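A short worksheet on the structure shown next.
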Protein chains: 2
Amino acid sequence: MASGASPQKQANAVSRRARKDQTRANLLQAALTLMGEGRSFTSLALREIAREAGVAPTAFYRHFRNTDELGLALVEEVGITLRRLLREARKMDVAPRDMLRRSVSVYQDYVKLNRLPFVFISSERSGGSRILRLAIRNEVTHFTNEMAQDFRLLGLYPNLPTASLQMVCSMIVMTMLAAATDILDLPPDQALLEAEMSENFVQQLKIILFGATHWDQDLAALSAKPGRKDEA
Amino acid sequence: MASGASPQKQANAVSRRARKDQTRANLLQAALTLMGEGRSFTSLALREIAREAGVAPTAFYRHFRNTDELGLALVEEVGITLRRLLREARKMDVAPRDMLRRSVSVYQDYVKLNRLPFVFISSERSGGSRILRLAIRNEVTHFTNEMAQDFRLLGLYPNLPTASLQMVCSMIVMTMLAAATDILDLPPDQALLEAEMSENFVQQLKIILFGATHWDQDLAALSAKPGRKDEA
DNA sequence: ACACATTGTGTATGATTGTTCACTGAAAAA
DNA sequence: TTTTTCAGTGAACAATCATACACAATGTGT
């Protein structure tokens, strides 16, 4: 019995801490759920979140000082969701036939599977709370940088300068997030609309990647006169 | 005096109707102002808007059934702002040297000059209220279509199929709106940051327009294997 | 085994919310 | 001139809000 000095310091420390973590998770999930029902974060009331989570309003303060702090915790959570997306993308075979279309399909499934986190990202990325907005943009920037790094490691676009690669990736991410809001607003059982949307999504990415491929070609000529191929 | 049967039907009818229109405008402006201070639309309280507008809460009901209706009126107003932007863009000389950069500069000024409407568009385009979100996306779609039509009339990208032209324009608009949120969040007196942002903006547009110019070239090849220029 | 620490509850309070109602005063219509 | 219309007011209502405090219950460390 009295063998170790302080036994079970973390070994069996599941009960109380785990319960606390659970209600904390419930609070976070409750906030996400409410936003999934078409509410903006800044319109969420503390009592409302607590009610949805099934705890007394005052229990909220055991976990967060105020709703803003909960919002930042939510940002961290969606950051994890984004990182997981990248990890799954890395598992994909590099350059099989029709890879772009397949990536788009995987992404669409991922968004639909993680509906609430993407609703949160979409609506609060340009949303009311400045603190939240900047925090989310920070996560998105990290996501973009990791994507650029993956491109480098995969040997894609080896001729592209790093700064340009980052810019290309930021365009891809911008397109992905724009597509996410479309996916989220898509009424279910509208296969035709969804197919149209996917096709648009694919073509947009094609344009961006086309630009990345021919980066050094004659992009500079565009600022002079777009549309006419001849002329000095 | 008693010359016409019903005189002053519209001639001097400024007093009452004009006053009503004024307080209505005050309510709309009040809502925009509050959102400019970092609040989402769904978090705005009716009494709060009325207070900011300098009228009694009950006066609100003389103009709107509820806050949602005011939101839709706001969407109409920002639609006008977008149309005005297009009208000013049409006044620009076609194809002077460095036109793209100049367009970007004009757009930046326009966003800064119409801060509140763009804050509204940015935050509510993917925001909480579904009704508002769809209404704004509708306005943005109109804006995109008009832009595509202008491209046609100007003879830009004559070889591009209409559907593709619309897609390109939607990418341009997407980029513009993403840039708008950057512009709005930019701290003042940060010329360096602003210049970097502009440069990014310009390059993103270059990529899109480059894709539009070489649309028929070999975009299809991308889906096979991006990055390697050789190989079958 | 026992004292402590901590998570969650219940109650209370003052402020603010949306909405109703009867009203006022001045512009418009007669 | 007289009457009507109507934008805006102010008081009242029940509901909800954020937050504070004392308290209960229970796992944890000694």
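Atom set for the values below is all heavy atoms of this structure, side chains included, hydrogens, waters and symmetry mates excluded. Each chain gets a letter, A, B and so on, in the order the sequences are listed, and its residues count up from 1. These numbers come from a predicted model, not from an experiment.
- A residue-by-residue look at A:Asn66 and B:Pro57 shows that B:Pro57 has its nearest nucleotide of DNA chain D further toward the 5' end.
- A:Glu69 has its CD atom 16 Å from the C1' atom of D:dA18, to the nearest Å.
- Here D:dT16 presents its P atom at 15 Å from CG of A:Leu34, a figure rounded to the nearest Å.
- Closest to the side chain of B:Ala59, out of C:dT16, D:dG8, C:dT9, is D:dG8.
- Enclosure of atom CD in A:Glu76 is not indicated, since only 12 or fewer non-hydrogen atoms of other residues, nucleotides or ligands lie within 6.0 angstrom.
- Separating the CZ atom of B:Arg51 from the P atom of D:dT9 is a distance of 14 Å, rounded to the nearest angstrom.
- Residues A:Ser43 and B:Ser43 have side chains that never bring a donor and an acceptor to within less than 3.5 angstrom of each other.
- Ranking D:dT9, C:dT17, D:dA20 by closeness to the A:Thr58 side chain, first place goes to D:dA20.
- For the pair B:Gly54 and A:Leu44, nearest-nucleotide mapping onto DNA chain D gives the more 5' position to B:Gly54.
- Checking A:Asn26 against A:Gln22 by side-chain atom types alone, a donor-acceptor pair falls below 3.5 Å.
- Residue-to-nucleotide proximity on DNA chain C shows that, of B:Arg62 and B:Arg47, the 5′-proximal contact is made by B:Arg47.
- Atoms CD (B:Glu48) and P (C:dG18) sit 8 Å apart, rounded to a whole Å.
- For B:Thr23 against D:dG8, no side-chain N or O and base N or O form a donor-acceptor pair under 3.5 Å.
- In this structure, B:Phe60 places its CZ atom 17 Å from C1' of D:dT9, rounding to the nearest Å.
- Note on B:Tyr61: a side-chain N or O is less than 4.0 Å away from OP1 or OP2 of C:dT19.
- Taking every side-chain heavy atom of B:Ala45 into account, C:dG18 is the closest of C:dG18, C:dT19, C:dT9.
- When each of D:dT19, D:dA11, C:dT6 is scored by its nearest atom to the side-chain atoms of A:Leu46, the top-ranked nucleotide is D:dT19.
- Using modelled atom types, one finds no donor on one side chain facing an acceptor on the other under 3.5 Å when comparing A:Glu52 with A:Thr33.
- Between the CZ atom of A:Arg65 and the C1' atom of D:dT19 there is a distance of 14 Å, rounded to whole Å.
- The environment of CD in A:Glu48 is crowded: more than 12 heavy-atom neighbours from other residues, nucleotides or ligands sit within 6.0 Å.
- For the pair B:Gln22 CD and C:dA27 C1', the computed distance is 17 Å after rounding to whole Å.
- The base of C:dT7 is not paired with the side chain of A:Arg16 by any donor and acceptor separated by under 3.5 Å.
- Atom C1' of nucleotide D:dA7 and atom CG of B:Leu27 are separated by 12 Å, given to the nearest angstrom.
- Distances were taken from every side-chain heavy atom of B:Lys20 (C-beta onward) to each of D:dA18, D:dA7, D:dA11; the shortest belongs to D:dA7.
- Using a 4.0 Å heavy-atom distance criterion, A:Arg24 is classed as making no nucleic acid contact.
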